[in-house]
There are 2 protein chains.
Amino acid sequence: MKRNTWQREAVRTALSASEGFVSAQALHSALRDGGSSIGLATVYRALSDLATEGEADALQQEGESIYRACTPGSHHHHLICRNCGLTIEIEADAVEQWAKTVAAEHGFISPNHVVDVFGLCAQCSARLPSS
Amino acid sequence: MKRNTWQREAVRTALSASEGFVSAQALHSALRDGGSSIGLATVYRALSDLATEGEADALQQEGESIYRACTPGSHHHHLICRNCGLTIEIEADAVEQWAKTVAAEHGFISPNHVVDVFGLCAQCSARLPSS
DNA sequence: ATCCTATTGATAACGAGTCTCATTATGGTT
DNA sequence: AACCATAATGAGACTCGTTATCAATAGGAT
């Protein structure tokens with residue numbers, strides 16, 4: 001039976017307070033800096049629970065998992081600034097359909113898909129020298 | 001100056017011989033099993049070189065990088081069987097356009113994107129009990 | 001208030017990948 | 001063909017994200 005602990009709630013809150021995607025370690029540091037005594041393992045556990053329950057989205061970057069609080073129940077993808085991490089949720093029925101179609105055409109069933117777009121947001125592209 | 005060694009060639013060959021995506025460790029084991037004395041670090045180096053030069057595609061799965069020999073010079077995505085690893089290269093101009101458009105609409109520049117479709121291939125879906 | 005047990009947290013363990021550095025061998029030069 | 005500067009190799013140490021262990025703690029149903 002699932003229990004409600006202040007630790008899980010703290011992770012949920014801290015995640016919501018973050019702008020873009022954050023790593024478990026970063027979130028743990030933030031919580032500790034805020035005076036919490038939460039353990040690192042607990043942060044990992046809470047984050048993977050949230051991801052499983054659909055309250056957070058996860059993606060892999062440079063070998064680590066990063067998480068973000070997301071509007072639950074809606075299937076969407078992300079447009080992510082690769083400099084500052086600013087993230088915008090995007091929906092794209094066309095892409096969903098395309099994925100289904102392409103899978104079916106090759107005899108694949110129960111398709112999943114990973115779709116993410118990275119770029120430099122307006123602010124960062126203005127602030128940075130052209131790369 | 002870049003040198004040609006039998007080790008790099010061995011990695012290239014072993015990669016081409018693999019059906020789907022393989023991890024560096026798996027490729028290293030395969031080479032060792034085949035009698036090669038190649039070192040693990042060298043396999044890692046060769047694979048990341050191949051990926052940089054566009055001779056191989058890489059993607060992240062469960063926290064590890066997996067690689068596959070790919071038709072060089074062509075931008076494409078993958079349809080991957082999540083059971084047997086069978087991989088089909090797919091092209092999708094519509095998705096490329098969509099990614100560019102969606103980025104531009106939000107003021108993002110120099111967009112990248114990650115697009116992969118996973119599913120069960122015909123063989124595996126026939127062989128496995130329905131999940 | 002009591003009990004059962006899910007959850008916590010400190011730390012050990014694990015695993016993918018990188019770094020170090022002495023040794024090897026490639027490929028241009030003579 | 002012999003030489004040499006140096007790129008590449010490989011064994012193992014190391015880093016670092018993540019998971020497992022396990023005794024202690026604290027939900028929550030009764």
Side-chain angles (χ1 to χ4, degrees), chain A residues 1-15 18 20-53 55-69 80 82 85 114 116, chain B residues 1-15 18 20-53 55-69 80 82 85 114 116:
Chain A
M1 188 242 182
K2 191 127 192 202
R3 293 176 182 173
N4 292 327
T5 63
W6 64 264
Q7 286 94 333
R8 284 212 206 286
E9 198 49 42
V11 169
R12 205 187 314 244
T13 305
L15 192 62
S18 305
F21 281 82
V22 255
S23 69
Q25 313 238 16
L27 208 59
H28 179 240
S29 297
L31 284 161
R32 287 309 256 273
D33 290 351
S36 173
S37 65
I38 195 171
L40 178 57
T42 302
V43 175
Y44 274 103
R45 285 188 282 241
L47 284 175
S48 69
D49 283 358
L50 287 173
T52 304
E53 293 158 13
E55 289 193 61
D57 282 348
L59 62 88
Q60 314 284 324
Q61 199 179 48
E62 292 159 28
E64 70 178 351
S65 293
I66 51 180
Y67 299 86
R68 179 167 186 273
I80 305 156
R82 77 169 72 90
V114 179
D116 287 298
Chain B
M1 190 243 178
K2 189 130 195 201
R3 292 176 185 174
N4 293 327
T5 63
W6 65 264
Q7 287 95 334
R8 282 212 206 288
E9 198 50 42
V11 169
R12 207 187 315 244
T13 305
L15 192 62
S18 305
F21 281 83
V22 256
S23 70
Q25 313 242 12
L27 208 59
H28 179 240
S29 298
L31 285 162
R32 287 308 256 272
D33 290 350
S36 171
S37 65
I38 194 171
L40 177 60
T42 302
V43 175
Y44 273 105
R45 284 187 282 241
L47 284 175
S48 70
D49 283 0
L50 287 173
T52 303
E53 293 157 12
E55 289 191 61
D57 281 349
L59 63 87
Q60 315 284 323
Q61 199 178 48
E62 292 158 27
E64 73 179 347
S65 293
I66 51 181
Y67 299 86
R68 179 167 187 273
I80 304 156
R82 76 169 74 91
V114 178
D116 289 297

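Quantities reported herein were computed from a predicted structural model and do not represent experimental measurements. In what follows, chains carry the letters A, B, and so on, assigned in the order in which the sequence lines appear, proteins first and then strands, with residues in each chain numbered from 1.
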Can you measure [X] atom [atom1] to [N] atom [atom2] for me and round it to whole angstrom units?
{"X": "Q60(B)", "N": "dT18(D)", "atom1": "CD", "atom2": "P", "result": "12 Å"}
{"X": "Y44(B)", "N": "dC14(D)", "atom1": "OH", "atom2": "C1'", "result": "14 Å"}
{"X": "R45(A)", "N": "dT19(D)", "atom1": "CZ", "atom2": "C1'", "result": "9 Å"}
{"X": "L40(B)", "N": "dA8(D)", "atom1": "CG", "atom2": "P", "result": "18 Å"}

Q: Under the ring pair (Phe, Tyr, Trp, His ring centres under 6.0 Å) rule, collect the residues that match up with F21(A), sequence neighbours excluded.
A: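 Testing F21(A) for ring pair (Phe, Tyr, Trp, His ring centres under 6.0 Å), a comparison that skips the adjacent residues, returns H78(A).
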Q. Would you find a donor on one side and an acceptor on the other, under 3.5 Å apart, between the side chain of H28(B) and the backbone of T42(B)?
A.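 Checking the backbone N and O of T42(B) against the side chain of H28(B), no donor-acceptor pair under 3.5 Å is found.
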Q. Just how large is the angle between the end axes of the helix from dA1(C)-dT30(D) to dT30(C)-dA1(D), five pairs per end, to 10 degrees?
A.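 Axis-to-axis angle, ends of the helix: 30°.
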**Q.** Of all pairs that satisfy salt bridge (charged side-chain N to carboxylate O under 4.0 Å, His left out), the ones with a partner from residues 26-48 of chain B, not counting sequence neighbours
**A.**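 Residue pairs with at least one partner in residues 26-48 of chain B: there are none.
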Does [X] reach a base, just sugar-phosphate, or nothing at all? Heavy atoms under 4.0 Å.
{"X": "R8(B)", "value": "sugar-phosphate"}
{"X": "I38(B)", "value": "sugar-phosphate"}
{"X": "S37(A)", "value": "sugar-phosphate"}
{"X": "S65(A)", "value": "sugar-phosphate"}

Q. Mind checking whether Q25(B) and L40(B) have side chains closer than 4.5 Å, heavy atoms only?
A.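 Q25(B) vs L40(B): side chains touch.
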Nucleotide N/O to protein N/O under 3.5 Å, stretch nucleotides 1-3 of chain D:
none

Q.
Protein within reach of the bases, or only the backbone? For nucleotides 25-30 of chain D, mark each nucleotide 5' to 3' as B, S or -, using heavy atoms under 4.0 Å.
A. -BBSS-
(Q) If you apply the rule salt bridge (charged side-chain N to carboxylate O under 4.0 Å, His left out), what do you find for R12(A) with E53(A), and how did you get there? (A) CA-CA 12 Å; R12(A) 205 187 314 244; E53(A) 293 158 13; 5.1 Å; no
Q. Relative to the 5' end of DNA chain D, which residue comes earlier, G63(A) or R32(B), by the nucleotide with the nearest heavy atom?
A.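 This one resolves to R32(B).
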Q: Of all the heavy-atom pairs spanning A46(B) and R8(B), show the shortest one and how long it is.
A: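 Looks like CA-NH1, 3.8 Å.
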Q) Which atom names give the shortest non-hydrogen contact between A14(A) and L31(A), and what distance separates them? A)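 Smallest interatomic distance, heavy atoms only, reads CB-CD2, 3.8 Å.
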Q) I66(A) pairs by side-chain contact (heavy atoms from CB on, under 4.5 Å) with which of V22(A), I80(A), L59(A)? A)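 Among the candidates, only L59(A) passes.
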Q. Under a criterion of less than 4.0 angstrom to any heavy atom of chain B, what are the 5'-terminal and 3'-terminal contacting nucleotides of DNA chain C?
A.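 Listing 5' to 3', DNA chain C meets chain B from dA16(C) to dG28(C).
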Q. Checking side chain to side chain contact (heavy atoms under 4.5 Å, CB included) for the pair E55(A)/L15(A): CA distance, chi angles, key distance, verdict?
A. CA-CA 10 Å; E55(A) 289 193 61; L15(A) 192 62; over 6 Å; no
Q. Taking atom CG of L27(B) and atom CD1 of I38(B), what is their separation to the nearest 0.5 Å?
A.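 If we round to the nearest 0.5 Å, L27(B):CG and I38(B):CD1 are 8.0 Å apart.
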Q: Decide side chain to side chain contact (heavy atoms under 4.5 Å, CB included) for W6(B) and S36(B); before the verdict, give the C-alpha distance in whole Å, the side-chain angles of both, and the deciding distance to 0.1 Å.
A: CA-CA 10 Å; W6(B) 65 264; S36(B) 171; 3.7 Å; yes
